[in-house]
Amino acid sequence: MLLTGPRGLTTVNVPVMDELVHLAVADGIATITLDSPHNRNALSAQLRRELRDHLSAAIADDAVRVIVLDHTGKVFCAGMDLKESRSADSEKQGVNEFPAILEQIWTSPKPVVAKLAGPARAGGVGIAAACDIAVAVETATFAFSEVRIGVVPAVISVTVLPRLDARQAHELFLTGETFDARRAAEIGLLNSAVAADELDAEVKRYTDMLALGAPGAMAATKEMLIGQRPSSMGEAFAQMLELSAKHFAGEEGQEGMQAFAEKRKPAWVPANLR
């Protein structure tokens, strides 16, 4: 890019940095694509920044009903960019910015779907675990490889451990063993593992179903799913009853019941699904 100074006397060459994460919105679906195949979509400073920005934009866009995390190249995400991590002290490590990304995905009021056409490692597995739905090709592999390079899978444990039982977590976190998509689905890390030529259709199957839900009800349901339950059953029922009654009487609930009675799709359903 050329910049011209006062009176056109000074010209400066400023390199333009190619975007590593892309956002596209169509039919209510925001697709966020990691596009840094040269380093296996590692979580570099630029990729982290752009991923946060695009997630924020998708969440804020009223036209977006569902978010899909996609990727280019053979690998979904290899975890932190180790080249950037070398020689940096603890306060300057890129991992310090990672919790905000995982929390952004985990707490998004709009459902987030991970689409894995290839392997995930370390932080990449943490991202997939943070999503509401995760679909991968059968040939994808996974590993919590941190201990094998002398670090701890600490940050990603916040999103991964709720998906796994303790026995599986101890084995996979401590050994760093590589495991396949079939096992990932069996232990709860994935919702589905499919053949490569079925991946697009399987993701669309989920996004179509998710788009049928009312936006407010979906957001409230996500909040309920990740929230802390009261210690007593009585308190839990009281809290859930209040939430349920509020939405039965709310605008979405009334529209949904009216649409059901009139045998039509509710007003919030995207036009392509009517």
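We number each residue from 1, following the sequence as shown.
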Closest heavy-atom pair and its distance - Arg52, Gln104:
O-NE2, 3.2 Å

Do Pro153 and Val160 touch side chain to side chain, with heavy atoms closer than 4.5 Å?
no

So, does Asn41 use its side chain to make a donor-acceptor pair with the main chain of Thr72 at under 3.5 Å?
yes

How far apart are the closest heavy atoms of Ala58 and Val64, and which atoms are they?
O-CB, 3.5 Å

Please check if the side chain of Glu255 supplies one atom and the backbone of Pro266 the other of a donor-acceptor pair under 3.5 Å.
no

Linking directly or through intermediates, with side-chain heavy atoms under 4.5 Å: list the remaining ILVMFWY members grouped with Met233, chain and number order.
Phe237

Heavy-atom closest pair (Phe142 atom, Leu190 atom, distance to 0.1 Å) is CZ-CD1, 3.9 Å

Could you tell me if the side chain of Glu252 sits less than 4.5 Å from the side chain of Pro215, heavy atoms only?
yes

Test of understanding: with salt bridge (Lys or Arg N to Asp or Glu O under 4.0 Å), list the residues that count as partners of Asp70, not counting sequence neighbours.
Lys115

Is the backbone N or O of Ala211 less than 3.5 Å from a side-chain atom of Arg65, with the two atoms forming a donor-acceptor pair by type?
yes

If you define the side chain from C-beta out and look only at heavy atoms, does anything of Tyr206 sit under 4.5 Å from Val66?
no

Output yes when a side-chain donor or acceptor of Thr107 lies under 3.5 Å from a complementary backbone atom of Glu103, and no otherwise.
yes

Salt bridge (Lys or Arg N to Asp or Glu O under 4.0 Å) with Arg183: which residues, sequence neighbours excluded?
Glu171, Glu177

For Lys204, is there any backbone N or O sitting under 3.5 Å from a side-chain donor or acceptor partner on Thr207?
yes

For Glu262, does the CD atom sit with more than 12 other heavy atoms under 6.0 Å from it, leaving out its own atoms?
yes

If you measure from OG1 on Thr175 to CZ on Phe144, what distance do you get to the nearest 0.5 Å?
10.0 Å

Taking the side chain as C-beta and beyond, is there a heavy-atom pair between Asp81 and Leu47 under 4.5 Å?
no

Taking atom CZ of Arg182 as the centre, report whether more than 12 heavy atoms of other residues, nucleotides or ligands fall under 6.0 Å from it.
no

Are Arg48 and Ile101 close enough, and set up right, to give a side chain to side chain contact (heavy atoms under 4.5 Å, CB included), and what steps lead you there?
CA-CA 8 Å; Arg48 294 193 306 270; Ile101 294 173; 3.8 Å; yes

Should we count CD of Gln254 as having more than 12 external heavy atoms under 6.0 Å?
yes

Hydrophobic cluster membership, Val137 vs Leu34, 4.5 Å side-chain cutoff:
no

So, Asp35 side chain and Val21 main chain: donor-acceptor pair closer than 3.5 Å or not?
no

Check whether any side-chain heavy atom of Leu20 sits under 4.5 Å from a side-chain heavy atom of Ser44, and report yes or no.
yes

Do you reckon Leu51 sits in the same ILVMFWY cluster as Val125, going by side-chain contacts under 4.5 Å, direct or chained?
yes

From CG (Asn191) to CG (Asp132), nearest 0.5 Å
9.0 Å

Taking NZ in Lys222 as the centre, count heavy atoms belonging to other residues, nucleotides or ligands within less than 6.0 Å. Is the count above 12?
yes

Interatomic distance, CD@Gln46 vs CD@Glu19, rounded to 0.5 Å, equals 8.5 Å

Is Ile127 close to Phe98 at the side-chain level, that is, under 4.5 Å between some pair of heavy atoms?
yes

Taking it one step at a time, do Met240 and Met224 satisfy side chain to side chain contact (heavy atoms under 4.5 Å, CB included)?
CA-CA 9 Å; Met240 292 301 103; Met224 177 192 71; 3.7 Å; yes

When clusters are formed from ILVMFWY side-chain contacts under 4.5 Å, directly or step by step, what else is grouped with Ile226?
Trp106

Could you state whether Leu199 and Leu116 fall into the same hydrophobic cluster, counting links through intermediate Ile, Leu, Val, Met, Phe, Trp or Tyr residues with side-chain heavy atoms under 4.5 angstrom apart?
no

Can you check whether Gln168 reaches Leu189 side chain to side chain, under 4.5 Å on heavy atoms?
no

Please say whether more than 12 non-hydrogen atoms of neighbouring residues, nucleotides or ligands are located less than 6.0 Å from CZ in Arg274.
yes

On a heavy-atom basis, the closest approach of Ala128 and Ala134 is O-CB, 4.0 Å

Work out which heavy atom in Leu43 is nearest to a heavy atom in Cys77; give both atom names and the distance.
CG-SG, 3.8 Å

Sorted by first residue and then second, give each side-chain hydrogen bond (donor to acceptor under 3.5 Å, both in side chains) pair with at least one member in residues 152-165; sequence neighbours left out.
none

How close do Ile156 and Glu146 get, counting heavy atoms only, and between which atoms?
CD1-OE2, 3.4 Å

Assess whether atom NE2 of His170 is packed by more than 12 heavy atoms of other residues, nucleotides or ligands within 6.0 Å.
no

In the single-linkage hydrophobic clustering (I, L, V, M, F, W, Y; side-chain heavy atoms under 4.5 Å), do Met209 and Val68 co-cluster?
yes

From Glu138 atom CD to Ser192 atom OG, the distance as rounded to the nearest 0.5 Å
8.5 Å

Rounded at 0.5 Å granularity, tell me how far CG in Leu55 sits from CD1 in Ile32.
4.0 Å

With clusters defined by side-chain heavy atoms of hydrophobic residues (ILVMFWY) lying less than 4.5 Å apart, directly or transitively, does Val135 cluster with Phe76?
no

By side-chain contact (heavy atoms from CB on, under 4.5 Å), Ser145 pairs with (sequence neighbours left out) Arg121, Ala122

Once you round to the nearest 0.5 Å, how far does SG of Cys131 lie from CG of Leu69?
4.5 Å

Do Leu210 and Met218 touch side chain to side chain, with heavy atoms closer than 4.5 Å?
yes

